[in-house]
Each structure stands twice: as structure tokens, then as C-alpha cells.
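For reference, the structure is listed below as C-alpha cells.
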Amino acid sequence: QVQLVESGGGLAQPGGSLRLSCAASGSISNINSMGWYRQAPGKERELVASITSGGSTNYADSVKGRFTVSRDNAKGTMYLQMNSLKPEDTAVYYCHAIVIKAVFRTSYWGQGTQVTVSP
């Protein structure tokens, strides 16, 4: 079992920055890839950025060059540095982790943290 808790959301002005954190607890040694997703009102949840245990990253086109995902495997923590924020970045941001143990693949989600970008 893995528990994920996000923090760092809030209100930012356009062009501003926020840093999200995701703290994992439980069987963190079995965590494979982690990622950040977001869901805006009336829209589907979408992948923002992901990072493997080896550090390979993937970003949505809409955030490339503005957001940076990183993780500390030993601590089971993942971060999302968000710069040059835009109003369209407003959403609930969710932390996601995939645990692979033997032949089993389990997906875990955090409770989400609100990010609002507004003047």
C-alpha cells in the first residue's frame, strides 16, 4: 500500500510560480513511475508530467519549458516546479504513483491540491 499527500497549491498571479510536493508513504521502495495530473472544471483529467524511478521525464506539450518534475526516491517525494503560470493552468493537481510488485501493477492517487492562477 502507498499513500500520497500533495501540498503546495494555492493562488498565483499570471507569470508567477508555485511548487507542488507529493509525499509518499508506505511501500515506497516499490514505486515505479510517478506523475502529476490535473483536472479543470468540466474537463477530463490530463497528464501534466511524469518521471520514472530512473529519472526519465515526460511533459504535456502545454507545460513544456515552464514546468519541471523531479523526485527523491529515497524520501518517496515528487515535486512539480511551475513557472510562468497561466490562467489555463488553473485546476486540481493530483499526484499519481504506479507500484509494480511481481506481476502486479497498482495505481495510487493523492487527494489533489487546488492551483488557481488569476490576476
Side-chain angles (χ1 to χ4, degrees):
Q1 289 283 343
V2 170
Q3 296 79 40
L4 303 173
V5 178
E6 302 98 334
S7 60
L11 176 65
Q13 293 188 339
S17 299
L18 285 173
R19 188 188 193 215
L20 304 183
S21 298
C22 173
S25 60
S27 301
I28 63 173
S29 61
N30 294 321
I31 294 176
N32 187 270
S33 65
M34 299 183 75
W36 290 98
Y37 287 72
R38 67 186 181 187
Q39 187 167 20
K43 295 187 177 181
E44 293 188 353
R45 190 172 298 189
E46 62 175 358
L47 175 67
V48 176
S50 64
I51 183 167
T52 68
S53 56
S56 296
T57 58
N58 181 50
Y59 295 93
D61 288 342
S62 59
V63 306
K64 282 181 181 176
R66 300 189 298 121
F67 291 9
T68 302
V69 62
S70 60
R71 66 189 279 185
D72 184 328
N73 291 330
K75 295 182 179 180
T77 304
M78 178 178 62
Y79 306 96
L80 185 67
Q81 178 65 45
M82 304 186 294
N83 299 328
S84 302
L85 283 163
K86 304 176 180 180
E88 50 263 43
D89 294 319
T90 296
V92 177
Y93 284 70
Y94 296 91
C95 174
H96 177 252
I98 295 175
V99 169
I100 297 177
K101 192 173 184 181
V103 298
F104 300 103
R105 183 178 186 273
T106 307
S107 182
Y108 294 91
W109 293 92
Q111 82 288 350
T113 185
Q114 176 70 46
V115 170
T116 302
V117 183
S118 178

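These numbers were taken from a predicted model, which means no experiment stands behind them.
- Ring geometry for Y93 against F67 counts as tilted: the plane angle lies between 30° and 60°, on a 0 to 90° scale.
- Scanning both residues, Y79 and S21, for their nearest heavy atoms gives CD2-OG, 3.4 Å.
- R38 is not listed as a side-chain neighbour of V115, based on a closest heavy-atom distance of 4.5 Å or more.
- Side-chain contact check for E6 versus W36: some heavy-atom pair is nearer than 4.5 Å.
- Residues G9 and L20 approach most closely at N-CD2, 3.5 Å, considering heavy atoms.
- Distance check, rounded to the nearest 0.5 Å: CD of Q1 to OG of S25 gives 10.0 Å.
- Rounding to the nearest 0.5 Å gives a distance of 5.5 Å between NZ of K101 and OG of S27.
- The aromatic rings of H96 and W109 are tilted relative to each other, their planes meeting at an angle between 30° and 60°.
- Residues L80 and L85 share a hydrophobic cluster, clusters being chains of Ile/Leu/Val/Met/Phe/Trp/Tyr side chains in contact below 4.5 Å.
- The shortest heavy-atom contact between V5 and Q111 is CA-OE1, 3.8 Å.
- Under the 4.5 Å side-chain heavy-atom criterion for ILVMFWY residues, a single connected hydrophobic cluster contains both I28 and M78.
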Side-chain donor-acceptor pairs of residues 47-55 under 3.5 Å, sequence neighbours excluded:
residue, atom, partner, partner atom, Å
T52, OG1, G54, N, 3.3
T52, OG1, G55, N, 3.3
T52, OG1, S56, N, 3.1

Exercise for review: Would you please test E46 and E44 for side chain to side chain contact (heavy atoms under 4.5 Å, CB included) and show each step?
Suggested key: CA-CA 6 Å; E46 62 175 358; E44 293 188 353; over 6 Å; no

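- Annotation for S84 and D89: closest pair O-OD2, 4.4 Å, computed over non-hydrogen atoms.
- Smallest separation of non-hydrogen atoms from I98 and R105: CD1-NH2, 2.9 Å.
- The heavy-atom pair separating A91 from A40 by the smallest distance is CB-N, 3.8 Å.
- The side-chain heavy atoms of M82 and V63, taken from C-beta on, include no pair separated by under 4.5 Å.
- Under the 4.5 Å side-chain criterion, counting only non-hydrogen atoms from C-beta, L11 is not in contact with Q114.
- Note that CD1 of I31 and CD1 of I100 are 11.5 Å apart. Values are rounded to the nearest 0.5 Å.
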Practice item. Output, in order, the C-alpha distance, side-chain angles, deciding distance and verdict of salt bridge (Lys or Arg N to Asp or Glu O under 4.0 Å) for K64 and D61. Key: CA-CA 5 Å; K64 282 181 181 176; D61 288 342; 3.1 Å; yes

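- Put simply, the side chain of Y94 never gets that close to the backbone of Q39: no donor and acceptor are under 3.5 Å apart.
- In the hydrophobic clustering of ILVMFWY residues, with side-chain heavy atoms under 4.5 Å counting as a link, V2 and V69 come out together.
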